[in-house]
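Note that these values count all heavy atoms, side chains included, but never hydrogens, waters or copies made by symmetry.
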Amino acid sequence: MIRKLSIRLIYFVACICVGIFLFANFANAQNQYQENNEALQIELRELEEMYSDSQQKIQVASLKLDELLAIGYKEMSARKELQHIADIVGTEDTIIKDLGTKISALIKKLGGGLKPMTVVVRRGDKNADPLVASAKEGDILYFTAKAEQPFELSLKWSIRKPNGQISDRLHKEAVERADESKQYFSFGIDTTGMDEGEYQVMLEYSLTSEPNKKYNSTTNFEIGGTLNAIKILRLVVDDERSGDKHKSALDVTASAYLFTYYEVPEDVDALTIRYRLRDWTDRKNVFEKTGRRNTKQGKAVQRVGILLDKNEVPLIEGHQYRFDIRLTDDLRASSSIEKYETQSKNVFFYYGKEPKQVEIKKIVVGTSESSTKYVRDVPKQEGPIFLNLRYKANGGVGSVNVDIKLKKVSDKTVVFHQSFQQVIDTEKKIKEINIPVDIDKFEIDTKYRVEVLIAGEEIDPTKKSTSFFYAPIPPADMRKYVRVNGLIQTPSFPDVKIKQDGDNFYYKNSTIVFDLPAQTGPSFKGELIWRCKYGCGANKKIKLSDNPVDWGYSFKVKNGRGFGGLTLVHQYKGKSVNLDLPKFRVIKPFSVKLLPSNSFGEREKLYPWELDNTRLQIRANAQSTSANVSVKVTLDGKLITELSKSMSLPADKWVEWSLGLDPARFKYDLAEEFPSINKYSFSKNIKFVVDVKYGNGDSYADSFSRSANIYRLNKDNLKEHAGTPESPLIYTIILPPEMTGPYQTSILGNSVFHMEGLKWYYDPDKLEEWVREVGARKYKEDTDRIYYKKTIPLLITIEDITGKQAALFFDKFTYSASIYKEQE
């Protein structure tokens with residue numbers, strides 16, 4: 001028992017020594033923020049002294065332990081001495097842990113708050129490169145997050161599944177301390193058995209000293225199934241054949257390898273790849289090559305690359321180059337197969353030493369130094385407002401000069417200005433600056449602009465700015481101030497006040513006027529906007545800050561166009577509020593209907609053979625008249641027929657005209673479009689343009705569109721039968737009950753199939769002919785047979801005795817064939 005006790009003591013003293021080392025990191029952080037609040041500094045020094053006292057007591061206990069271990073501890077007095085040492089160590093350990101928690105909290109108050117962590121997805125190993133493609137089911141994935149400060153953290157990992165539910169199996173909770181020996185935290189999972197789809201990994205973390213103040217970081221990853229697009233994952237310019245990591249600068253003595261990593265769907269056998277290198281400094285193309293690249297079957301990530309010949313492509317030292325690549329799916333054996341979209345991507349590199357340069361990535365104004373999200377409106381604060389800046393320095397920049405100004409936008413007054421030099425930490429890609437600005441620098445309901453200028457030796461100065469409002473006062477509710485009256489003004493007639501109930505008639509030369517007197521009121525901000533849907537002219541924008549005297553709107557009625565709706569909105573900072581307008585209808589001189597109308601009861605589609613029942617209805621509004629009515633009918637832009645008729649139109653009564661259209665002129669011939677048929681081929685757009693001429697040269701026009709369809713059959717219209725060698729019947733086609741025989745049928749797309757009435761057969765003797773005809777791909781072979789398959793379109797058309805048509809169409813019909821080998 002004594003031996004076990006001594007071992008625990010030795011281990012514990014070693015742990016305390018590690019704690020002393022961690023405290024040194026705390027002290028360094030404390031030095032970083034020593035210019036902050038003096039009272040907190042005093043409290044921190046007192047805690048340091050208490051921490052030091054506990055350390056000394058543990059060190060004394062450690063020395064005493066060494067003495068006892070040297071002389072042995074068989075006597076009872078030695079055992080009591082060991083127990084006393086254990087009690088001291090246990091007590092001081094509790095004190096040190098409590099002090100460490102308080103010290104961490106104080107450091108955060110002094111400006112050393114917890115900085116956000118980014119979750120990165122890696123495959124296979126926690127030190128692997130970040131995952132850039134979809135993971136595959138069965139992969140081992142690691143999620144890592146890097147801590148920038150030496151704090152003890154509570155970590156909670158969880159996974160959101162594609163269905164939105166949180167996984168009750170994949171989760172992890174831990175308390176870990178970040179220090180120089182451990183900055184990365186990780187959580188690993190095995191994806192075996194996981195569904196395809198997009199997942200989200202979530203990390204909730206907090207300081208153990210502040211458990212109620214939680215931070216969150218998330219990222220998404222995908223477990224993919226069948227790839228349905230070409231994907232370029234990344235481009236690499238490297239000086240080695242391995243081509244693993246992109247180099248932003250190549251040494252002038254090195255060879256230049258240009259690589260791309262990409263994914264392709266399984267049905268792509270080869271791609272056309274175009275490489276191109278452009279001198280970005282001189283804006284000239286210096287190299288271009290196009291070639292074929294066969295797909296490596298069974299490999300998830302493909303790689304292709306070339307080595308630049310220095311003699312053929314001499315690069316210029318100090319110039320920047322852009323390497324771009326394009327992948328095109330244009331090598332299919334059959335032109336009927338739908339191609340995947342062409343993909344392209346580019347990456348930059350320098351030849352020779354990379355020049356010094358700085359890029360400002362982001363400026364954020366927030367209420368704390370950890371604010372990372374842009375907000376347009378900063379709420380009223382008691383404490384300082386932080387100007388947070390992130391920038392990137394490349395090319396060996398040693399230090400930069402930073403100039404930050406805060407201006408009032410209204411009069412460009414500079415309310416805060418700070419300039420300083422910052423030494424660059426080359427190990428950090430992104431640099432951060434967090435500057436507090438006293439709240440007394442800000443005025444309520446005022447807009448400010450932050451302007452940042454970064455310069456330095458051998459660096460082109462770079463600028464960036466952002467604007468925000470401080471404690472904005474909400475705008476007035478304009479609905480209390482807007483009261484609109486509407487008038488219809490027609491020459492030679494008295495003004496007519498728009499009625500909110502019933503019809504308001506207008507004529508070709510009428511003007512509609514909305515009278516809205518300008519007003520004054522508190523906090524009039526933003527804009528009033530009159531928006532016209534159609535028939536009422538251009539939109540009108542009224543800027544309230546300019547104190548306009550006219551808030552009204554008027555428009556002249558356009559003949560035949562009608563009035564499609566007018567709205568008045570108050571807009572401020574991208575938010576719109578609809579204001580009240582008189583609710584009214586304006587009626588055109590004539591009303592025209594096309595029957596059947598767009599609604600066909602329970603059936604939504606119109607068919608070509610129903611067009612013989614097409615009628616036109618017309619009504620003269622308000623007064624009777626005589627008119628000449630003409631109708632022009634076009635099918636997909638081609639003229640079908642023109643009709644005209646003189647008509648007497650009594651006031652407010654509908655008059656009907658049967659157009660007598662011939663359905664045969666609207667028939668389908670899908671075979672003409674095969675194999676380039678798409679879903680729109682089964683719907684024809686028929687347009688009716690109506691022109692009414694009346695009075696002394698006045699006219700009124702209207703138009704209607706109809707979509708005429710045929711019956712589109714699907715797998716539910718197929719009845720499968722068991723085939724025999726003598727009668728290898730595959731399917732019987734079941735037609736809609738509206739169709740009646742006898743039928744005319746045809747089949748296109750595969751020579752091994754044929755139709756007899758509504759029977760769909762195949763001919764096994766034509767398999768070899770089909771393999772040669774369509775260039776089917778061999779996908780396996782055994783001792784007796786060779787197996788082929790090909791994806792091709794297939795079309796079956798059917799017409800009955802009355803002219804009704806139906807079609808069965810597979811745009812991606814995969815057919816497999818097995819052919820016996822010739823016997824030797």
Side-chain angles (χ1 to χ4, degrees), residues 365 367 373-381 385 408-411 442-449 466-490 494-507 510-558 561-588:
V365 179
T367 56
K373 185 177 181 181
Y374 169 76
V375 290
R376 186 172 184 177
D377 298 329
V378 176
K380 187 177 180 180
Q381 300 294 310
I385 290 177
K408 190 189 299 184
V409 172
S410 58
D411 57 10
F442 298 92
E443 298 176 13
I444 290 177
D445 200 30
T446 304
K447 187 177 182 180
Y448 294 90
R449 176 179 292 275
T466 190
S467 300
F468 66 97
F469 287 87
Y470 174 65
I473 297 174
D477 185 356
M478 297 304 296
R479 289 172 295 189
K480 298 178 181 179
Y481 300 90
V482 172
R483 294 291 181 267
V484 181
N485 294 313
L487 298 174
I488 299 179
Q489 298 178 343
T490 306
D495 293 350
V496 178
K497 187 175 182 179
I498 291 177
K499 298 180 295 184
Q500 293 207 34
D501 297 318
D503 296 331
N504 295 277
F505 298 100
Y506 69 86
Y507 297 90
S510 297
T511 299
I512 296 181
V513 177
F514 294 94
D515 182 33
L516 178 58
Q519 302 184 50
T520 58
S523 302
F524 275 15
K525 300 179 179 181
E527 299 169 327
L528 295 178
I529 303 176
W530 292 90
R531 290 177 177 158
C532 175
K533 186 176 180 182
Y534 69 80
C536 44
N539 296 342
K540 181 179 179 180
K541 186 178 292 186
I542 304 163
K543 197 169 184 178
L544 295 173
S545 60
D546 294 340
N547 298 316
V549 296
D550 178 22
W551 289 4
Y553 182 85
S554 64
F555 65 91
K556 191 171 183 178
V557 175
K558 295 181 179 179
R561 182 64 171 154
F563 171 64
L566 182 70
T567 59
L568 175 61
V569 300
H570 175 230
Q571 182 170 283
Y572 179 64
K573 291 187 179 180
K575 296 181 179 179
S576 298
V577 177
N578 286 327
L579 305 178
D580 290 334
L581 288 178
K583 297 178 175 62
F584 66 94
R585 291 191 306 141
V586 290
I587 299 299
K588 296 169 284 190

Is it the case that the side chains of Ser576 and Gln571 hold a donor-acceptor pair, with the cut-off being a distance below 3.5 Å and no angle test?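 There is such a pair (donor and acceptor under 3.5 Å, judged by atom type) between the side chains of Gln571 and Ser576.
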Discussion item. Quiz question: by atom type and distance under 3.5 Å, do the side chains of Arg449 and Ser467 form a donor-acceptor pair?
Written reply: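 There is such a pair between these side chains.
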>> Below 30° counts as parallel, above 60° as perpendicular, anything between as tilted: where do the rings of His570 and Tyr572 land?
In response: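 Because their plane-to-plane angle is under 30°, the rings of His570 and Tyr572 count as parallel.
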Any idea how Phe524 and Trp551 line up, ring-wise: parallel (<30°), tilted (30 to 60°), or perpendicular (>60°)?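 Plane angle between 30° and 60°, so tilted.
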Practice prompt. For this output row, return yes or no: ring centroids of Tyr448 and Phe442 closer than 6.0 angstrom.
Written response: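 Yes, ring centres under 6.0 Å apart.
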Roughly how far, to the nearest 0.5 Å, is the [atom2] atom of [Y] from the [atom1] atom of [X]?
X      : Y      : atom1 : atom2 : value
Asp495 : Ile488 : CG    : CD1   : 10.0 Å
Tyr481 : Thr520 : OH    : OG1   : 8.5 Å
Ile473 : Ile444 : CD1   : CD1   : 6.5 Å

Is there a donor-acceptor pair under 3.5 Å between the side chain of [X] and the backbone N or O of [Y]?
X      : Y      : value
Lys380 : Tyr470 : no
Asn578 : Thr567 : no
Ser545 : Lys543 : no
Asp546 : Pro548 : no

Within the 4.5 Å heavy-atom criterion, are [X] and [Y] side-chain neighbours or not?
X      : Y      : answer
Lys408 : Lys447 : no
Trp530 : Asn539 : no
Val577 : Arg479 : yes

#### Entry: Verdict with reasoning, Leu487 to Asn485, per side-chain contact (heavy atoms from CB on, under 4.5 Å)
CA-CA 7 Å; Leu487 298 174; Asn485 294 313; 5.9 Å; no
Using a strict threshold of under 4.0 Å (side-chain N to carboxylate O), is an ion pair present between Asp515 and Lys497?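 Judged by the 4.0 Å cut-off on N to carboxylate O distance, Lys497 and Asp515 do not form a salt bridge.
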Check this for me: does any side-chain nitrogen of one of Lys525 and Asp445 sit under 4.0 Å from a carboxylate oxygen of the other?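 Yes, Lys525 and Asp445 are salt-bridged.
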Which atom pair, heavy atoms only, marks the closest approach of [X] to [Y]?
X      : Y      : answer
Phe468 : Val375 : CB-O, 4.1 Å
Pro472 : Val378 : CD-O, 4.0 Å
Leu516 : Arg483 : CD1-O, 3.4 Å
Val484 : Asp580 : CG2-O, 4.0 Å
Pro474 : Ser523 : O-CB, 3.9 Å
Tyr553 : Cys532 : OH-CB, 4.2 Å

_Pair Ile512-Ser554, side-chain contact (heavy atoms from CB on, under 4.5 Å): steps then yes or no_ = CA-CA 6 Å; Ile512 296 181; Ser554 64; over 6 Å; no
Practice problem: Start with the C-alpha distance between Arg531 and Val569, add both sets of side-chain angles, then the distance that settles side-chain contact (heavy atoms from CB on, under 4.5 Å), and finish with yes or no. | Solution: CA-CA 8 Å; Arg531 290 177 177 158; Val569 300; 3.9 Å; yes
* To do: Using the side-chain contact (heavy atoms from CB on, under 4.5 Å) rule, take Tyr374 and Thr466 through it: C-alpha gap first, then chi angles, then the decisive distance, then the call.
  => CA-CA 9 Å; Tyr374 169 76; Thr466 190; 3.4 Å; yes
